[in-house]
Amino acid sequence: MAHFGTIRPPREIIFGPGQRQVLGQVAAGLGQRALVVTDARLADESQFQAMLADLRDHGLAVQVESGTLPDVPVDSALAASQAARGFAPDLVIGIGGGSCLDMAKCVALLLTHGGQPQDYYGELKVPGPILPLIAIPTTAGTGSEVTPVAVLSDSARSLKVGISSPHLVPTVAICDPDLTLTCPPGLTAIAGADALTHAIEAFTAIRRPVTPMLTQERVFVGKNALSDQFALTAIRLLWQGLERACRTGADADARAQVMQGALFAGLAFGVAGTAAAHAIQYPVGALTHTAHGAGVACLMPWVMEWNRPAISTELAQIADAMGLASADEVIPAVRTLFSRIGIPETLSGLGLPEDQIGWVADQSCGIERLIQNNPRPISRADMTRLLHAAFSGDARIIQ
């Protein structure tokens with residue numbers, strides 16, 4: 001059904017240079033006691049301290065939780081929520097990269113509904129609304145400021161885990177690209193490549209049969225008329241701005257393009273979902289201990305190559321958004337862009353041991369919510385071929 005679509009955005013999105021200065025007034029309209037979630041590095045920065053002062057100037061009581069760790073270990077989220085109960089916050093504010101925003105979501109969830117993060121793993125397990133949440137990203141990549149997902153790491157499991165629910169979409173997203181001006185080139189590249197992968201996978205996701213209950217039975221419903229608009233715009237913005245932002249960090253226009261691209265990609269995949277590149281990255285990341293954005297970006301051209309027979313129309317539209325002459329130019333262009341900003345082109349370059357390909361294939365195929373969102377079916381044998389191609393750099397293996 002070409003005219004079916006859904007978007008689940010925050011109640012308010014505020015975008016633009018300097019817009020972090022509206023935080024105090026926005027927060028005062030949502031609560032009186034703000035728990036601010038960040039990490040130890042950001043907590044000492046002058047921009048962060050200025051935002052705290054703004055909150056206090058608007059009459060809010062403030063407590064800072066600066067214990068966010070990379071990949072949000074579940075025990076840290078539980079401990080943070082328990083430590084905050086005595087403060088009794090009525091508002092949570094996440095400031096930082098994707099882990100800080102995911103931590104804020106999880107803490108707000110636990111403060112509202114209790115229990116442990118494990119109680120909510122999977123989709124649609126959150127029973128109702130959570131505390132009001134303001135998300136302020138300081139990197140441009142995950143799109144967590146507008147998505148229904150919190151990703152955590154659990155020492156009891158080999159792969160990362162996710163909590164997915166529309167109730168986790170922040171109440172307000174304040175996206176100020178000035179906060180990314182000091183982001184180093186490597187992190188800019190990894191985060192921006194993650195955003196471009198989000199946009200491509202959302203735009204090329206499977207189109208599901210439409211039923212009246214589709215949006216109520218699934219968090220991720222597949223590509224649709226509304227998510228496609230955000231995904232294509234994200235692809236255009238990131239194609240134009242990402243390499244410039246990596247090479248010249250002080251380029252304010254490029255930084256704004258990349259942050260807006262990441263925002264739009266988040267709006268797109270927040271309903272359409274991601275697919276095989278993300279499914280494969282979970283076990284690859286567990287083995288190589290490489291950044292999520294580097295892994296999904298390394299994999300994206302290979303997954304696109306596999307999907308090519310099923311996405312000819314989408315490739316033509318992407319070519320138009322990127323200003324390329326034909327659909328055949330898209331996959332090489334994406335691969336070349338990623339290579340230029342420092343993303344490894346193969347799984348061997350990423351550090352995956354060749355003898356682990358079978359295990360990665362098994363684990364990837366087991367992440368059914370992502371594999372089933374892929375536009376072209378992938379069997380266990382197909383997955384092995386795809387992984388060998390991505391490892392060796394030989395696309396003929398999957399053609």
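Throughout, residue positions are numbered sequentially from 1 according to the sequence presented. Note that these values count all heavy atoms, side chains included, but never hydrogens, waters or copies made by symmetry. Just so we're clear, the structure is a prediction, and the values are computed from it rather than from any experiment.
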(Q) Going by salt bridge (Lys or Arg N to Asp or Glu O under 4.0 Å), name the residues that satisfy it together with Asp57, two or more places apart in sequence or in a different chain. (A) none
**Q.** Residues Thr288, Thr290; criterion side-chain hydrogen bond (donor to acceptor under 3.5 Å, both in side chains); working and verdict
**A.** CA-CA 5 Å; Thr288 62; Thr290 47; 2.6 Å; yes
Q.
Whether the side chain of Ser348 engages the backbone of Phe391 through a donor-acceptor N/O pair (distance < 3.5 Å, no angle test) should be reported.
A. yes
Q: Take Phe203 and Gln317 through the test side-chain contact (heavy atoms from CB on, under 4.5 Å) and record every step on the way to the result.
A: CA-CA 10 Å; Phe203 189 65; Gln317 292 172 287; 3.4 Å; yes
Q. Would a 4.5 Å heavy-atom cut-off, applied to side chains only, mark Glu329 and Met322 as touching?
A. no
(Q) Within the structure provided, determine whether Pro137 and Leu101 are in side-chain contact (heavy-atom separation under 4.5 Å). (A) yes
(Q) I want to check something: taking the side chain as every heavy atom from C-beta on, are Arg11 and Pro170 in contact at a cut-off of under 4.5 Å? (A) no
Q) If you look at every heavy atom in Val296 and Ala277, which pair is closest and at what distance? A) CG1-O, 3.9 Å
Q. Is Thr38 close to Thr68 at the side-chain level, that is, under 4.5 Å between some pair of heavy atoms?
A. no
Q) Is the Lys NZ or Arg CZ of Arg335 less than 6.0 Å from the centre of Trp302's six-membered ring, within 45° of the axis? A) yes
Q.
Testing the basics here: between Val330 and Leu315, what is the closest heavy-atom pair and its distance to 0.1 Å?
A. CG2-O, 3.4 Å
**Q.** Lys/Arg N to Asp/Glu carboxylate O, Lys160 vs Asp71, below 4.0 Å
**A.** yes
Q. Is it true that atom CD of Gln25 has more than 12 heavy atoms of other residues, nucleotides or ligands lying nearer than 6.0 Å?
A. no
**Q.** Gly98 versus Thr139, closest heavy-atom pair with distance
**A.** N-OG1, 4.1 Å
Q: Using the test salt bridge (Lys or Arg N to Asp or Glu O under 4.0 Å), find all partners of Asp194 that sit at least two apart in sequence or belong to another chain.
A: none
**Q.** Side-chain H-bond candidate by donor/acceptor type, Asn224 with Arg208, under 3.5 Å
**A.** no
Q: Evaluate the side-chain proximity of Val107 to Glu65: yes if any heavy-atom separation is below 4.5 Å, no if none is.
A: no
Q: Determine the minimum heavy-atom distance between Ala361 and Thr384, stating which atoms define it.
A: CB-OG1, 3.8 Å
Q: Please determine if Lys223 and Asp228 form a salt bridge, counting it only when a charged side-chain N lies under 4.0 Å from a carboxylate O.
A: yes
Q: State plainly whether the residues Arg308 and Asp328 are in salt-bridge range, i.e. N to O under 4.0 Å.
A: yes
**Q.** Between Ser339 and Glu345: side-chain donor-acceptor atoms closer than 3.5 Å
**A.** yes
Q: Measure the shortest side-chain to side-chain distance between Arg8 and Thr215 over non-hydrogen atoms and say whether it is less than 4.5 angstrom.
A: yes
Q. Remaining members of Val169's ILVMFWY cluster at a side-chain heavy-atom cut-off under 4.5 Å?
A. none
Q. Below 4.5 Å, heavy atoms only, C-beta onward: do Asp154 and Tyr121 meet side chain to side chain?
A. yes
Q | Gln32 atom CD, neighbour heavy-atom count above 12 within 6.0 Å | A | no
Q | Side-chain ion pair, Glu243 and Arg340, N-O less than 4.0 Å | A | yes
Q. Would you say Arg255's side chain and Gly249's backbone share a donor-acceptor pair under 3.5 angstrom?
A. yes
Q.
Is it the case that atom CZ in Arg56 sees more than 12 heavy atoms from other parts of the structure closer than 6.0 Å?
A. yes
Q: May I ask you to decide if Ala205's main-chain N or O and Asn373's side chain share a donor-acceptor pair within less than 3.5 Å?
A: no
Q: Could you tell me how the ring of His113 sits relative to the ring of Tyr120: parallel (under 30°), tilted (30 to 60°) or perpendicular (over 60°)?
A: tilted
Q: Taking all non-hydrogen atoms of both residues into account, name the closest pair between Val219 and Pro148 and its distance.
A: CG1-CG, 3.8 Å
(Q) Test question: given the 4.5 Å side-chain rule for I, L, V, M, F, W and Y, name all other residues clustered with Leu55, or answer none. (A) Ile14, Val22, Leu23, Val26, Leu30, Val36, Phe48, Met51, Leu52, Leu60, Val62, Val64, Leu91, Ile93, Ile95, Ile134, Ile136, Val172, Ile174, Leu179
Q | Taking every non-hydrogen atom, the tightest pair across Ala104 and Leu133 | A | CB-CD1, 3.9 Å
**Q.** hydrophobic_cluster_shared for Met259 and Leu267, side chain cutoff 4.5 Å
**A.** yes
Q.
Show, in sequence, the C-alpha distance, side-chain angles and deciding distance for Ser153 and Val74, and conclude whether the side-chain contact (heavy atoms from CB on, under 4.5 Å) test is met.
A. CA-CA 6 Å; Ser153 56; Val74 292; over 6 Å; no
Q: Please assess Asp102 against Ser99 for the test side-chain hydrogen bond (donor to acceptor under 3.5 Å, both in side chains), listing each intermediate value before the final yes or no.
A: CA-CA 5 Å; Asp102 286 355; Ser99 290; 6.0 Å; no
Q.
Within this structure, what is the CG-SG distance for the pair Leu187 and Cys246, rounded to the nearest 0.5 Å?
A. 9.5 Å
Q.
Any non-hydrogen side-chain atom of Leu370 less than 4.5 Å from a side-chain atom of Phe220?
A. no
Q) Taking it one step at a time, do Asp178 and Gln19 satisfy side-chain contact (heavy atoms from CB on, under 4.5 Å)? A) CA-CA 9 Å; Asp178 286 353; Gln19 289 303 308; over 6 Å; no
Q: Apply salt bridge (Lys or Arg N to Asp or Glu O under 4.0 Å) to Asp394 and list each qualifying residue two or more places apart in sequence or on a separate chain.
A: Arg396
Q: Check salt bridge (Lys or Arg N to Asp or Glu O under 4.0 Å) between Arg244 and all other residues, then give those that pass, not counting sequence neighbours.
A: Asp251
Q) Should Thr147 and Lys105 be marked as a side-chain hydrogen bond (donor to acceptor under 3.5 Å, both in side chains) after you check the CA-CA gap, both sets of side-chain angles, and the distance that decides it? A) CA-CA 10 Å; Thr147 70; Lys105 290 177 179 180; 3.1 Å; yes
